[in-house]
Undergrad: 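Below you will find the structure I want to go over with you.
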Amino acid sequence: MKIVVIGGTGLIGSKVITRLTEHGHEAVAASHNTGVNTITGEGLADVLAGADVVVDVTNSPSFEAKAVLDFFTTSTTNLLAAEKDAGVGHHVALSIVGVERPSEGAYFIAKAAQEKLIRDSGAPYSIVHATQFFEFMGAIADTATDGDTVTLPPVSFQPVAADDVASAVARTAAGTPLNGTVDIPGPERGRFDEMVGRVLAFRNDPRAVVADPDAPYFGARMDETTLVPVTDGPTGETILAAWLEASAK
Ligand SMILES: NC(=O)c1ccc[n+]([C@@H]2O[C@H](COP(=O)([O-])OP(=O)(O)OC[C@H]3O[C@@H](n4cnc5c(N)ncnc54)[C@H](OP(=O)(O)O)[C@@H]3O)[C@@H](O)[C@H]2O)c1
């Protein structure tokens with residue numbers, strides 16, 4: 001199959017390209033670097049010609065509330081229209097566990113808007129819901145830092161390795177459309193503050209992690225289960241300790 005990965009040069013996209021290619025698909029990476037821009041529409045028609053499946057793993061350059069909403073709505077609208085013109089038979093998007101539940105967080109609201117456009121498009125689709133990537137935990141700590149203290153809510157947290165997310169996305173892209181969602185959380189559930197604290201401690205980061213139930217995560221208040229799946233299902237294989245060891249090499 002010809003599978004076009006929009007955002008195919010990013011963290012997840014580049015790993016998805018590798019997996020699809022290993023499985024014998026014609027995997028084509030599309031992003032600014034390859035002359036494709038989902039906001040302006042530049043290069044979309046050309047790269048989608050003859051495509052069977054499109055995977056959308058783009059991300060917004062800005063997480064500011066209006067910018068991120070504009071990015072995901074404009075990008076998704078343009079992409080779905082171009083896919084319709086090209087006769088693409090399956091749209092696969094990567095989103096976040098918990099996005100379907102009401103949220104005051106701007107990024108979650110933008111991802112929910114992206115998902116609604118996909119569901120309402122009438123096109124065959126699959127949405128992969130990942131939890132927070134291990135690779136993102138350092139950035140989470142940085143945004144929650146004041147001086148030498150990282151303050152996070154002590155809610156449930158089940159992060160996942162980008163490698164496991166990429167495998168789930170590639171598997172979904174090679175399959176038939178779900179016209180629904182599939183979750184890919186990590187294999188271990190812990191407390192948000194404690195798991196971020198483990199990452200910092202492993203890296204000899206001197207910052208202290210403090211739990212505060214009212215501490216926001218990217219501007220939004222978190223409930224106990226906001227960030228984790230509410231139903232049991234398959235998980236990624238990589239545990240945090242193994243990932244930390246491997247990423248330190
Ligand atoms: N971080 C997490 O913990 C987490 C958890 C669950 C889900 N997700 C979702 O995972 C997805 C992928 O994240 P990631 O970390 O892999 O992103 P990333 O590394 O930042 O990569 C983003 C990709 O999108 C491309 N891109 C951005 N704007 C574009 C545009 N207008 N036109 C074409 N390509 C564009 C970039 O290309 P250039 O580099 O050429 O600009 C890059 O290839 C996101 O949608 C995010 O919501 C993330």
Side-chain angles (χ1 to χ4, degrees), residues 4-19 27-48 54-63 67-80 82-83 91-100 103 105-115 117-118 127-143 157-170 172-173 181-186 192 195-196 199 217-218 226-229 236 240 243:
V4 177
V5 181
I6 312 283
T9 57
L11 171 65
I12 300 296
S14 53
K15 294 174 185 289
V16 171
I17 290 281
T18 301
R19 280 159 183 70
V28 179
S31 71
H32 292 127
N33 290 329
T34 72
V36 175
N37 187 331
T38 56
I39 298 300
T40 62
E42 181 194 350
L44 269 182
D46 284 347
V47 78
L48 295 189
V54 167
V55 175
D56 182 6
V57 283
T58 55
N59 206 358
S60 173
S62 165
F63 288 9
V68 73
L69 182 63
D70 284 351
F71 176 85
F72 280 115
T73 52
T74 306
S75 177
T76 304
T77 300
N78 290 343
L79 196 47
L80 289 168
E83 287 174 32
H91 179 91
V92 179
L94 179 57
S95 189
I96 310 171
V97 163
V99 149
E100 72 284 5
S103 173
Y107 195 86
F108 270 39
I109 290 168
K111 294 296 286 186
Q114 175 188 13
E115 290 194 12
L117 287 167
I118 295 166
I127 296 173
V128 180
H129 272 177
T131 51
Q132 288 63 42
F133 310 155
F134 292 158
E135 287 79 354
F136 193 50
M137 289 172 72
I140 289 173
D142 292 348
T143 63
F157 191 56
Q158 198 170 339
V160 63
D163 274 334
D164 290 339
V165 175
S167 295
V169 171
T172 304
T181 63
V182 59
D183 288 345
I184 178 71
F192 197 4
M195 291 186 93
V196 172
V199 172
Y217 170 57
F218 280 100
T226 303
L227 298 173
V228 293
L240 181 59
W243 180 82

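For clarity, every value in this text was computed on a predicted model and none was experimentally measured. Both ligands and their constituent atoms are indexed starting at 1 by order of listing.
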Undergrad: Does any N or O atom in Leu11 lie less than 3.5 angstrom from one in ligand 1, N or O only?
TA: yes
Undergrad: Does an N or O from Tyr107, backbone or side chain, lie closer than 3.5 Å to an N or O of ligand 1?
TA: yes
Undergrad: Tell me if a side-chain donor or acceptor on Lys111 pairs with a main-chain N or O of Leu94 at a distance below 3.5 Å.
TA: yes
Undergrad: side-chain contact (heavy atoms from CB on, under 4.5 Å) for Ile12 and Asn59? Distances and angles first, verdict last.
TA: CA-CA 10 Å; Ile12 300 296; Asn59 206 358; over 6 Å; no
Undergrad: Give the atom numbers and elements of ligand 1 that come within less than 4.0 Å of a heavy atom of Ile39.
TA: 31 (N)
Undergrad: Evaluate the criterion side-chain contact (heavy atoms from CB on, under 4.5 Å) for residue pair Gln132 and Val97; output intermediate values, then yes/no.
TA: CA-CA 8 Å; Gln132 288 63 42; Val97 163; over 6 Å; no
Undergrad: Provide the number and element of each atom of ligand 1 under 4.0 Å from a heavy atom of Asn33.
TA: 40 (O)
Undergrad: State the atoms of ligand 1, each with its element, that fall below the 4.0 Å cut-off from a heavy-atom position in Ala130.
TA: 6 (C)
Undergrad: Quick one: CD on Gln114 to OG1 on Thr77, what's the gap to the nearest 0.5 Å?
TA: 10.0 Å
Undergrad: Is it true that Ser95 lies under 4.0 Å from ligand 1, counting heavy atoms only?
TA: yes
Undergrad: Against ligand 1, does Thr131 come closer than 4.0 Å with any heavy atom?
TA: yes
Undergrad: Which residue and non-hydrogen atom of the protein lie closest to atom 39 (O) of ligand 1, and at what distance in Å?
TA: Thr9 OG1, 4.0 Å
Undergrad: Among all protein non-hydrogen atoms, which one is nearest to atom 32 (N) of ligand 1, and what is the separation to 0.1 Å?
TA: Thr38 N, 3.0 Å
Undergrad: Take Leu79 and His91 through the test side-chain contact (heavy atoms from CB on, under 4.5 Å) and record every step on the way to the result.
TA: CA-CA 9 Å; Leu79 196 47; His91 179 91; 4.0 Å; yes
Undergrad: So which protein heavy atom does atom 41 (O) of ligand 1 come closest to, and at what separation?
TA: His32 ND1, 2.6 Å
Undergrad: Within ligand 1, which atoms have a heavy atom of Ile12 less than 4.0 Å away?
TA: 16 (O)
Undergrad: Test of understanding: with salt bridge (Lys or Arg N to Asp or Glu O under 4.0 Å), list the residues that count as partners of Asp70, not counting sequence neighbours.
TA: Lys66
Undergrad: Relative to ligand 1, is Phe133 under 4.0 angstrom through side chain, backbone, both or neither, heavy atoms considered?
TA: both
Undergrad: Determine, stepwise, if the pair Val160 / Gln158 fulfils side-chain contact (heavy atoms from CB on, under 4.5 Å).
TA: CA-CA 7 Å; Val160 63; Gln158 198 170 339; over 6 Å; no
Undergrad: Just to confirm my output: which protein heavy-atom neighbour is closest to atom 10 (O) of ligand 1, and how far is it?
TA: Leu94 CD2, 3.2 Å
Undergrad: Is it the side chain (CB and beyond), the backbone, both or neither of Ser75 that lies under 4.0 Å from ligand 1, heavy atoms counted?
TA: neither
Undergrad: Counting non-hydrogen protein atoms only, what is the nearest one to atom 23 (C) of ligand 1? Give residue, atom name and distance.
TA: Gly7 CA, 3.6 Å
Undergrad: Output the list of atoms in ligand 1 that are nearer than 4.0 Å to some heavy atom of Val36, sorted by atom number.
TA: 32 (N), 33 (C)
Undergrad: Tell me, which protein residue and heavy-atom name are nearest atom 34 (N) of ligand 1, and how many Å apart are they?
TA: Ser31 CA, 3.6 Å
Undergrad: Please could you name the atoms of ligand 1 that Phe71 approaches to less than 4.0 Å, counting only its heavy atoms?
TA: 28 (N), 31 (N)
Undergrad: Under 4.0 Å from a heavy atom of Ile96: which atoms of ligand 1 are those, numbered in the order shown and with their elements?
TA: 6 (C), 7 (C)
Undergrad: Counting only N and O atoms by type, is there a donor-acceptor contact under 3.5 Å from the side chain of Glu115 to the main-chain atoms of Ile127?
TA: no
Undergrad: Should the ring pair Tyr107 and Phe72 be called parallel, tilted or perpendicular, given that the plane angle runs from 0 to 90° and is split at 30 and 60?
TA: perpendicular
Undergrad: So Tyr217 and Phe192, would you call those rings parallel, tilted or perpendicular, with 30° and 60° as cut-offs?
TA: perpendicular
Undergrad: Whether Arg19 and Asp163 form a salt bridge (side-chain N of Lys/Arg under 4.0 Å from carboxylate O of Asp/Glu) is what I want to check.
TA: yes
Undergrad: Any heavy-atom pair between the side chains of Val47 and Thr34 that's under 4.5 Å?
TA: no
Undergrad: Going by the side chain to side chain donor-acceptor pair (under 3.5 Å) test, which pairs reach into residues 35-45, not counting sequence neighbours?
TA: Thr38-Ser75
Undergrad: Starting from atom 45 (O) of ligand 1, find the nearest protein heavy-atom neighbour and note its residue, name and distance.
TA: Thr58 O, 2.7 Å
Undergrad: Is the closest N or O pair between Lys111 and ligand 1 shorter than 3.5 Å?
TA: yes
Undergrad: Quick one: does any side-chain atom of Thr76 pair with a main-chain N or O of Thr73 as donor and acceptor, under 3.5 Å?
TA: no
Undergrad: Nearest protein heavy-atom contact for atom 13 (O) of ligand 1: which residue, which atom, what distance?
TA: Asn59 ND2, 4.0 Å
Undergrad: Which atoms of ligand 1 sit under 4.0 Å from any heavy atom of Gly10?
TA: 19 (O), 21 (O), 42 (C), 43 (O)
